Amino acid sequence: MPDGSYRFLCISSYEKGQDFMRQAAETGVKPTLLTVEKLRDAPWPHDILEDITFMPDTFSVDDLIKTVCWMSRGRHFDRVIALDEFDLEAAAKVREHTRIPGMGVTSTAYYRDKLAMRTGASESGFLVPEFCRVLNYDELRAYMKGVHGPWLLKPRAEASALGIRKIYEPEQLWRTLDELGEAQTNYLLEQFVPGDIFHVDSIVSEHKVVFSAVHQYGKPPMQVMHEGGVFTTRTVDRSSREWKELTEVNARLAPELGMARGVTHGEYIRAHEDGRFYFLEIAARVGGAFISDLIEAATGINLWREWARLEVADLRGEPYVLPIFTEKYAGSVLCLAKTEEPDTSSFDAPEIVTRMRKHHHAGLIVCSENPGRVRELLDRYSTEFAQRFLAALPPPDKPTS
């Protein structure tokens, strides 16, 4: 802090994190944004940014490190913040190269690499669907002999359900691995567990979960990604077994994997077969698909802003204090739309609090004191969205937001 000012370097390959940067600026920290050329005209908060630098759309980690080092000649950065999941590893390598405090490569792997996080969770005693690394073929043969199919071949470093393949018999796996060639070790094999999918979004301060909210997806995200359909998620009844058990599991898991402070988006499955909760994955980021807006509607907590407040408090050696929050119930309905700007004005329930604005998407967030009312609206609206708006496209190779 040579000139007496604290500075954040925010890295993002996608348009997001505006609230994080605004909160940092409002607390006296100067944010600089490093993003990609294709986002030059995105609505970034130029009025509060100290600087913005653009990288080529297909930059390498070495390119990023060289750029940050060049930027650092004239500016002292106190923290490097990856606003998007796909920048977490690169940001960790920047921190290690520059010795800027924060999560390094090994710590980041537990929130980015699906094999690392499963191994860590399993070794710490959490229930995880049975899995196997894609490395030694004898291991894979023994795994498929001992664990009944079908199985999921999952990319270790993709977000959400991107790139997942369902495998029904061993020969299908061997053919798929031949296709993948040397890239096959970037995958893991996991037992497919039918069940209901939940997500828990948290704030972690000094190795302790100080805030979390439990939500349940409608259709599993993998099904929506690969088969199409309407995406929904809603706040779980706070008096339910689901809320109690997942809150407790998540409170142990997020810090167990090594996070000191930050935000997490964790996913869990309640297996149809035995009714138990299994850990699926966790990320050191704010959830996508308007989940942050959903949580803010239900609780008043803006995860982007609280993440910035956490980082600023740590910089200044101050304790983080969670704001007072509400305990309402919210739900969202979202789908890819056939028209560029779908008109949702005919949906007029008084519980609607947000109409999502995104190119070729239709989306609403509803909020109520009654969890049953939220569920009723989502059930009705998801059916109507499918009839009026839904467009069908092949699953993307890369995330769109």
Side-chain angles (χ1 to χ4, degrees), residues 114-115 117-122 124-132 143-144 146-156 158-169 187-202 212-254 256-257 264-283 287-289 291 294 329 331-334 371 374-375 378-379 382 395:
K114 289 182 171 65
L115 178 59
M117 68 179 67
R118 279 160 177 72
T119 301
S122 180
S124 297
F126 295 91
L127 286 173
V128 179
E130 293 193 61
F131 65 95
C132 182
Y143 170 82
M144 289 187 288
V147 178
H148 69 79
W151 310 279
L152 299 176
L153 186 66
K154 290 186 172 184
R156 291 167 55 175
E158 286 290 1
S160 185
L162 284 170
I164 296 175
R165 309 186 195 197
K166 203 167 187 178
I167 305 294
Y168 292 91
E169 43 89 21
Y187 289 74
L188 64 91
L189 193 63
E190 177 179 274
Q191 186 177 29
F192 173 67
V193 178
D196 304 310
I197 313 294
F198 297 77
H199 59 96
V200 184
D201 299 85
S202 316
S212 64
V214 183
H215 291 75
Q216 180 177 356
Y217 293 117
K219 290 183 179 180
M222 187 179 79
Q223 183 179 346
V224 175
M225 180 74 73
H226 290 267
E227 300 176 13
V230 178
F231 170 88
T232 65
T233 182
R234 60 180 176 82
T235 315
V236 169
D237 189 328
R238 291 178 174 83
S239 64
S240 66
R241 167 222 167 191
E242 291 86 354
W243 182 280
K244 181 176 184 294
E245 289 192 19
L246 285 173
T247 298
E248 291 175 352
V249 169
N250 190 77
R252 291 186 292 114
L253 177 73
E256 185 72 32
L257 294 181
T264 66
H265 173 75
E267 296 191 347
Y268 303 84
I269 185 167
R270 181 180 57 201
H272 289 162
E273 184 175 353
D274 61 15
R276 296 194 293 176
F277 286 107
Y278 291 76
F279 166 68
L280 289 180
E281 59 187 67
I282 192 167
I291 284 173
L294 174 76
Y329 294 88
S332 67
V333 54
L334 176 67
V374 170
R375 185 167 191 166
L378 291 193
D379 288 345
S382 60

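Note that this is a predicted model, so its numbers are computed, not measured.
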Seminar exercise, completed: Separation between CZ (Phe277) and CZ (Phe126), nearest 0.5 Å, reads 14.5 Å

Problem set entry | Minimum-distance pair of heavy atoms, taken over all atoms of Leu257 and Ala121 | CD2-N, 3.9 Å

Seminar exercise, completed: Sequence neighbours excluded, the answer for side-chain contact (heavy atoms from CB on, under 4.5 Å) partners of Ser382 is Val230, Thr232, Val333

Exercise. For Ser240, which residues count as a side-chain contact (heavy atoms from CB on, under 4.5 Å) partner, sequence neighbours excluded?
Worked result: Val236, Asp237, Glu242, Trp243

Seminar exercise, completed: The reported gap from OG in Ser212 to CG in Leu246 (rounded to nearest 0.5 angstrom) is 9.5 Å

Exercise. Yes or no on side chain to side chain contact (heavy atoms under 4.5 Å, CB included) for Tyr268 and Leu253, after CA distance, side-chain angles and deciding distance?
Worked result: CA-CA 11 Å; Tyr268 303 84; Leu253 177 73; 3.3 Å; yes

Exercise. Sequence neighbours excluded, which residues qualify as side-chain hydrogen bond (donor to acceptor under 3.5 Å, both in side chains) partners of His215?
Worked result: Thr235

For this session: For residues Ala271 and Val193, report the shortest heavy-atom separation together with the two atoms involved.
Result: CB-CG1, 3.6 Å

Exercise. Excluding sequence neighbours, so at least two apart, what forms side-chain hydrogen bond (donor to acceptor under 3.5 Å, both in side chains) with Asp379?
Worked result: none

For this session: Might you confirm whether atom CZ of Arg375 has over 12 heavy atoms from other residues, nucleotides or ligands at distances under 6.0 Å?
Result: no

Exercise. Which one of Leu152, Val147, Leu115, Leu189 satisfies the side-chain contact (heavy atoms from CB on, under 4.5 Å) criterion with Phe131?
Worked result: Leu115

Problem set entry | Qualifying residues under ring pair (Phe, Tyr, Trp, His ring centres under 6.0 Å), relative to Tyr329, sequence neighbours excluded | none

Problem set entry | Atom pair CD1 (Ile164) and NZ (Lys114), whose distance is rounded to the nearest 0.5 Å | 6.5 Å

Exercise. Does Arg241 have any side-chain hydrogen bond (donor to acceptor under 3.5 Å, both in side chains) partners at least two apart in sequence or in another chain, and if so, which?
Worked result: Glu245

Problem set entry | Partner residues of His272 under the side-chain contact (heavy atoms from CB on, under 4.5 Å) criterion, sequence neighbours left out | Pro194, Asp196

For this session: Heavy atoms only: give me the nearest Val128-Ser122 pair and the separation to one decimal.
Result: CG2-N, 4.0 Å

Exercise. Would Gln191 and His148 count as a side-chain hydrogen bond (donor to acceptor under 3.5 Å, both in side chains) if you check the C-alpha gap in whole Å, the side-chain angles of each, and the deciding distance to 0.1 Å?
Worked result: CA-CA 7 Å; Gln191 186 177 29; His148 69 79; 3.2 Å; yes

Problem set entry | Qualifying residues under salt bridge (Lys or Arg N to Asp or Glu O under 4.0 Å), relative to Arg276, sequence neighbours excluded | Asp274

For this session: With sequence neighbours left out, write down each residue that passes ring pair (Phe, Tyr, Trp, His ring centres under 6.0 Å) with Tyr217, or none if nothing qualifies.
Result: His199, Phe231

Seminar exercise, completed: Output for pair (Asn250 CG, Phe279 CZ), nearest 0.5 Å, gives 9.5 Å

Exercise. With Glu248, which residues qualify under side-chain contact (heavy atoms from CB on, under 4.5 Å), at least two apart?
Worked result: Lys244

Exercise. Do the side chains of Leu280 and Pro129 get nearer than 4.5 Å, heavy atoms only?
Worked result: yes

For this session: List in chain and number order the residues that pass salt bridge (Lys or Arg N to Asp or Glu O under 4.0 Å) with Arg118, two or more places apart in sequence or in another chain; answer none if no residue qualifies.
Result: Glu190

Exercise. So, for Tyr187 and Arg165, which heavy atoms are closest and what is the spacing to 0.1 Å?
Worked result: OH-NH2, 4.5 Å

Problem set entry | Side-chain heavy atoms of Pro150 within contact of Ile167, under 4.5 Å | no

Exercise. Sequence neighbours excluded, which residues qualify as side-chain hydrogen bond (donor to acceptor under 3.5 Å, both in side chains) partners of Glu130?
Worked result: none

